[in-house]
Asks: 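I have a structure I would like to understand better, so I am pasting it below and will then ask my questions one at a time.
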Amino acid sequence: MTFPLSESKSAQLFERARHTMPGGNTRHMITFGPYIIYADRGKGCRLWDVDGNEYIDWVNNFSSHIHGHASPEIISALSEQLKGLMSCILPAEAELELAELLVDRFEGLEQVRFNNSGTEAVMVAIKAARAYTGRSKIMKTEGGYHGQYDLVETSFLPTPETWGDESCPSVLPFAKGTPQSLLDEVVVVQFNKTEATRRLIREHADELAAVIIDPIPARLGFTRASKEYLEMLREETRRYGIVLIFDEVFCTRAGYNGAQGEIGVIPDLTTLGKIIGGGLPVGAVGGNREVMSVFDNLAGPLKVSHSGTFTANSMTMVAGLTAMRMLTPEVFEKLAGQGKRLRDGLNREMEAAGFIGRANGEASMSSIQLFQQPANTYRDFVHQSGPGYLQRMLRLHRHMLNQGVLMATRGLMVGSTAMSDADIDETIEKSGQAFRSYVEEDGYI
Ligand code: PMP
């Protein structure tokens, strides 16, 4: 394809969309050019847009489609369910089965409750931590993404001008108009800075309800938090009765037992989403019985009420159960092998093209970065990125699109079980062409 093309059907649809939607979209993360490309259909690891262009889909709806598009197993399970019941006020057995599967796989989960998104799961987890501890503040890492809840959006994308002292980062609003009273409820720390974080935990110990962390954040190109850092968080939160939350909405993909299983540090609460819904909207919060007891309406006065019109609807539960059952340890192993094959291939192609970058990541989570050393903190990521990073990333994104490879604008590429080794190799070859055309057309970065 040739992107952008002003007479394309996508360009026309986008023009139309601008009248009824601000910016012509309802998801800012998909706005990457003069217009948005509109999807027509998907099958396996391929997507086709309304102009008939074909892409190998490495975004998989930001990870939720771990079995690719139109998975026969999920279609069949959902078709059956659709004939019976979409959702109703009563629970279905599938909810229980999915809960049992999750509790069985994740060491940190003795009990679980469902939500409709990762954002909601994080929001509910924080409520639980507050009710359990009787404290109000939360600690989060600079640059950490935990969904759209304004409390945890703080210091999501800070810049050097405002991010403040290294050992005690500023708490910065993300959305304009975020109240100061809300910012006062957050303590921001630097990811992987063990001693500085320990100091801040101790300083705020009496006020902290929770420490929330994504242990393998997409923002850092899926560089893991060090074991030392996570063990320190576990030790200090336990010492001061603070709830440790692992946000595994994305990084559950790390393995059969989730990121916590791969890392070997077990939180009090875990938030889940994406792949556990089999492609339909989902979230979940789970944890040990003690903290989860705040939701127990049979055990005395209820501390945290939690419901929702579509919570645990049968369609999501059935799709999630089907998808998760298909993800055996062997399947995770295969996905991880393919992830490595992709990263090795991309790194080879970048080097051959004289394109300075690296494919970072683990398991089926990969990310192209336009620098060569893994970033261990958000500040390190920003320093290594240099000015105009997003613009350069968007240029690469355009070259990749023109080769038929769909990655996310920040370089994220996540695999699916619908991919064969041949699809991976085709991606590597096409990406190589994209790196070469970038260097030829745009010069070096
Ligand atoms: N936490 C993390 C780590 C995420 O990656 C995301 C979504 N990308 C969320 C929370 C929010 O999930 P959702 O988009 O389903 O609200």
Side-chain angles (χ1 to χ4, degrees), residues 27-29 62-64 106 108 112-130 136-158 163 169-175 178 182-183 185-192 197 200-201 208-225 229-230 233 237 242-254 258-260 263 265 267-277 281-287 291 306 365 367 377-378 381 408 410 412:
R27 296 166 100 188
H28 285 126
M29 60 200 185
F62 281 92
S63 175
S64 64
F106 290 79
V112 67
R113 296 178 73 87
F114 292 100
N115 312 97
N116 298 297
S117 69
T119 295
E120 212 185 295
V122 168
M123 191 178 76
V124 170
I126 289 171
K127 278 191 188 179
R130 285 174 164 166
S136 65
K137 290 195 180 180
I138 62 138
M139 177 176 276
K140 66 156 293 196
T141 59
E142 196 168 58
Y145 184 67
H146 304 288
Q148 298 178 75
Y149 179 23
D150 46 11
L151 187 79
V152 288
E153 266 188 346
T154 47
S155 295
F156 169 44
L157 292 175
W163 64 27
S170 305
V171 183
L172 298 166
F174 189 56
T178 304
L182 200 131
L183 303 181
E185 297 298 336
V186 183
V187 180
V188 173
V189 292
Q190 280 207 72
F191 188 83
N192 269 339
T197 302
L200 283 169
I201 294 179
L208 281 175
V211 172
I212 183 165
I213 184 166
D214 174 350
I216 315 179
R219 164 80 24 189
L220 295 187
F222 305 108
T223 292
R224 258 193 208 193
Y229 187 73
L230 295 172
L233 291 183
T237 51
I242 302 162
V243 175
L244 179 61
I245 307 173
F246 275 9
D247 182 353
E248 291 203 29
V249 167
F250 205 120
C251 65
T252 326
R253 269 185 176 263
Q260 55 197 255
I263 294 165
V265 176
D268 300 304
L269 288 182
T270 304
T271 52
L272 301 169
K274 300 198 192 262
I275 65 167
I276 69 155
V282 79
V285 54
V291 181
H306 167 235
M365 305 176 285
S367 185
T377 67
Y378 172 76
F381 178 92
R410 286 180 187 274
L412 170 148

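None of the values given here were measured: they were computed from a predicted structure. What you see below is based on every heavy atom in this structure, not just the backbone, and it leaves out hydrogens, waters and symmetry mates.
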Asks: With sequence neighbours left out, what residues match Ser155 under side chain to side chain donor-acceptor pair (under 3.5 Å)?
Replies: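 For Ser155 there are no side chain to side chain donor-acceptor pair (under 3.5 Å) partners, ignoring immediate neighbours.
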Asks: Is any side-chain heavy atom of Thr377 closer than 4.5 Å to one of Glu142?
Replies: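 They are not in contact (no side-chain heavy atoms under 4.5 Å apart), so the answer is no.
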Asks: Identify the heavy atoms of Val249 and Gly118 that sit nearest to each other, and give their distance.
Replies: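 Where Val249 meets Gly118 most closely, the heavy atoms are CG2-CA, 3.9 Å.
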Asks: With sequence neighbours left out, what residues match Arg224 under salt bridge (charged side-chain N to carboxylate O under 4.0 Å, His left out)?
Replies: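 Result, salt bridge (charged side-chain N to carboxylate O under 4.0 Å, His left out) vs Arg224: Glu362.
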Asks: Does the side chain to side chain contact (heavy atoms under 4.5 Å, CB included) test come out yes or no for Ile213 and Leu230, once each step is laid out?
Replies: CA-CA 9 Å; Ile213 184 166; Leu230 295 172; 4.0 Å; yes
Asks: Between atom OH of Tyr229 and atom OG1 of Thr197, what is the distance when rounded to the nearest 0.5 Å?
Replies: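 That separation rounds to 3.0 Å.
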Asks: Restricting to non-hydrogen atoms, name the atom on Ile126 and the atom on Ile138 that form the minimum distance, rounded to 0.1 Å.
Replies: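 Where Ile126 meets Ile138 most closely, the heavy atoms are CG2-CG2, 3.8 Å.
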Asks: Is there a side-chain contact between Phe106 and Leu272, using heavy atoms and a 4.5 Å cut-off?
Replies: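 Counting from C-beta outward, Phe106 and Leu272 do come under 4.5 Å.
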Asks: The criterion is salt bridge (charged side-chain N to carboxylate O under 4.0 Å, His left out); which residues satisfy it with Lys137, sequence neighbours excluded?
Replies: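 If we apply the salt bridge (charged side-chain N to carboxylate O under 4.0 Å, His left out) test to Lys137, skipping adjacent residues, the hits are Glu207.
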Asks: Between Ala259 and Ile216, which heavy-atom pair has the shortest distance, and what is it?
Replies: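 Smallest interatomic distance, heavy atoms only, reads CB-CD1, 4.0 Å.
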Asks: So, Asp247 versus Thr271: side-chain donor-acceptor pair below 3.5 Å or not?
Replies: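 Yes.
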Asks: Looking only at heavy atoms, which two atoms of Val285 and Asn115 are closest? And how far apart?
Replies: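 In terms of heavy atoms, the two residues are closest at N-OD1, 3.5 Å.
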Asks: Checking the side chain of Thr119 only, and the main-chain atoms of Gln148 only, is there a donor and an acceptor separated by less than 3.5 Å?
Replies: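 Such a contact is found between Thr119 side chain and Gln148 backbone.
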Asks: Do side-chain atoms of Asn192 reach the backbone of Ala225 as a donor and acceptor pair under 3.5 angstrom?
Replies: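 Checking the backbone N and O of Ala225 against the side chain of Asn192, no donor-acceptor pair under 3.5 Å is found.
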Asks: Which heavy-atom pair separates Phe191 from Pro215 by the least distance, and what is that distance?
Replies: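 Smallest heavy-atom distance, with atoms named: CZ-O, 4.1 Å.
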Asks: Between Thr154 and Leu183, which heavy-atom pair has the shortest distance, and what is it?
Replies: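 Thr154 and Leu183 have their closest heavy atoms at CG2-CD2, 3.4 Å.
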Asks: Would the distance check show the side chain of Arg253 and the main-chain N or O of Ser63 forming a donor-acceptor pair, the cut-off being under 3.5 Å?
Replies: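 Yes; at least one donor-acceptor contact below 3.5 Å.
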Asks: Is it true that a side-chain atom of Lys140 and a backbone atom of Val186 form a donor plus acceptor pair closer than 3.5 Å?
Replies: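 A pair under 3.5 Å: no.
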Asks: Report the residue from Tyr378, Trp163, Tyr145, Tyr149 that forms a ring-ring contact (aromatic ring centres under 6.0 Å, His included) with Phe156.
Replies: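 Running ring-ring contact (aromatic ring centres under 6.0 Å, His included) over Tyr378, Trp163, Tyr145, Tyr149 with Phe156 returns exactly one hit, Tyr145.
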Asks: Does any donor atom in the side chain of Glu185 or Ser136 lie under 3.5 Å from an acceptor atom in the other side chain?
Replies: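 Yes, because at least one side-chain N or O of Glu185 sits under 3.5 Å from a partner of the opposite role on Ser136.
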Asks: Hey, what do you get for CD (Glu153) to CG (Leu172), rounding to the nearest 0.5 Å?
Replies: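 Answer for the CD-CG pair, Glu153 versus Leu172, is 13.0 Å.
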Asks: Under the side-chain contact (heavy atoms from CB on, under 4.5 Å) test against Leu233, which residue among Val211, Ile242, Val189 passes?
Replies: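 The residue from Val211, Ile242, Val189 that satisfies side-chain contact (heavy atoms from CB on, under 4.5 Å) with Leu233 turns out to be Val211.
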Asks: Out of curiosity, Met365 CE to Thr252 OG1, how far, rounded to the nearest 0.5 Å?
Replies: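 Output value for this atom pair is 8.5 Å.
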Asks: Look up atom CG in Leu269 and atom CZ in Phe246, then write down how far apart they are to the nearest 0.5 Å.
Replies: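 These two atoms lie 11.5 Å from each other.
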Asks: Has Glu248 got a side-chain atom pairing as donor or acceptor with Gly258's backbone, closer than 3.5 angstrom?
Replies: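 No, because the side chain of Glu248 does not come within donor-acceptor range (under 3.5 Å) of the backbone of Gly258.
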Asks: Could you measure the distance from the CG atom of Leu200 to the CE atom of Met139? Nearest 0.5 Å is fine.
Replies: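 Separation between the atoms: 5.0 Å.
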